[in-house]
Amino acid sequence: MTPPHAIHTSQVGRIYKTDSSDVHALKDITFDIEQGQFIALKGRSGSGKTTLLNCLGGLDRPTSGTLEVFGEDIMTMSETSLTHWRRQTIGFIFQQMGLLPSFSSYENLDVMARLGNVPRRERRNRVLDSLEQVGLIDYVEHRPYEMSGGQQQRVAIARALVTSPRLILADEPTSELDSETTHSILNLFQQIVRSDNITIFLSSHDPIVDEYVDKIIYLRDGQIDLERH
Ligand code: ADP
Ligand code: MG
């Protein structure tokens with residue numbers, strides 16, 4: 001039996017109901033992604049990138065279509081199962097990194113490790129290994145405000161890695177960073193994909209990402225415009 005795709009979507013739609021109108025944020029989204037690929041999701045502001053990432057990670061639900069992640073039909077899962085599945089399977093990285101400001105790097109990762117049910121005796125090693133992997137082993141005790149924007153984003157990446165996710169979803173993770181730091185973060189993502197066979201799905205409108213990824217999916221008004229390999 002062939003293993004399932006990392007991601008399988010067919011005719012996914014997401015309509016937001018508002019008081020004045022229905023917003024068709026995603027329309028007829030169909031694609032498959034294999035495990036261990038680095039994918040860029042590109043498109044202008046408002047094209048549906050965040051909505052799609054949220055659906056892929058089980059933070060939001062499509063209103064139509066089929067969506068399977070590692071062979072699991074996450075559209076029909078109960079809210080409780082979905083939360084459990086999400087914490088064990090997905091690592092999220094956001095533009096606003098969402099680090100807890102009064103917590104050290106170690107503590108920020110430890111919180112996520114607990115939520116993701118990393119066994120107690122493995123937690124310390126997982127936290128230190130993840131910080132090592134992003135080059136921040138000397139910043140274990142630092143708090144976010146004691147680090148640069150690029151270092152903070154590395155902490156956010158380490159935090160996403162701590163639960164050993166199979167899929168990392170990164171929503172415009174480099175948009176607040178200068179181009180040199182952007183290159184180093186994209187390099188890091190590439191290494192993670194190659195060494196850990198993780199799938200990374202990253203949204204951006206920065207042309208710099210094109211040279212790092214395996215595949216680019218363009219969104220325009222909620223639809224796939226052109227899929228480039
Ligand atoms: P992007 O991340 O590419 O900027 P989004 O996924 O945030 O795009 O938004 C896609 C479309 O859906 C936009 O038209 C946006 O205004 C709309 N939208 C996003 N979130 C909501 C919401 N919670 N309620 C209503 N409309 C929304
Ligand atoms: Mg967005």
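When a ligand or atom number is given, it counts from 1 through the structure's own listing order.
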Between Thr199 and Gln35, is any side-chain donor less than 3.5 angstrom from a side-chain acceptor?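 Yes, because at least one side-chain N or O of Thr199 sits under 3.5 Å from a partner of the opposite role on Gln35.
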
Taking non-hydrogen atoms within less than 4.0 Å of ligand 1, which protein residues qualify?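 Residue list for ligand 1: Tyr16, Thr18, Val23, Ala25, Arg44, Ser45, Gly46, Ser47, Gly48, Lys49, Thr50, Thr51.
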
Thr51 backbone or side-chain N/O/S under 2.8 Å from the Mg ion (ligand 2):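 Coordinating: no.
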
Solution key, residues 140-147 side-chain donor-acceptor pairs under 3.5 Å, sequence neighbours excluded:
| residue | atom | partner | partner atom | Å |
| --- | --- | --- | --- | --- |
| Arg143 | NH1 | Ser102 | O | 2.6 |
| Glu146 | OE1 | Arg143 | N | 2.7 |

Residues in salt bridge (Lys or Arg N to Asp or Glu O under 4.0 Å) contact with Arg123, at least two apart in sequence or another chain: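 Partners of Arg123 under the salt bridge (Lys or Arg N to Asp or Glu O under 4.0 Å) test: none.
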
Interatomic spacing from CD in Gln190 to CG in Asp214 - rounded to 0.5 Å: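 With rounding to 0.5 Å, CD (Gln190) is 7.5 Å from CG (Asp214).
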
Compile the donor-acceptor pairs under 3.5 Å between side chains in residues 84-93 and protein atoms, sequence neighbours left out, one pair per line.
| residue | atom | partner | partner atom | Å |
| --- | --- | --- | --- | --- |
| Arg86 | NH1 | Gly58 | O | 2.6 |
| Thr89 | OG1 | Trp85 | O | 2.7 |

Ionic contact status for Asp221 with Lys27, cut-off 4.0 Å: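 No salt bridge links Lys27 with Asp221.
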
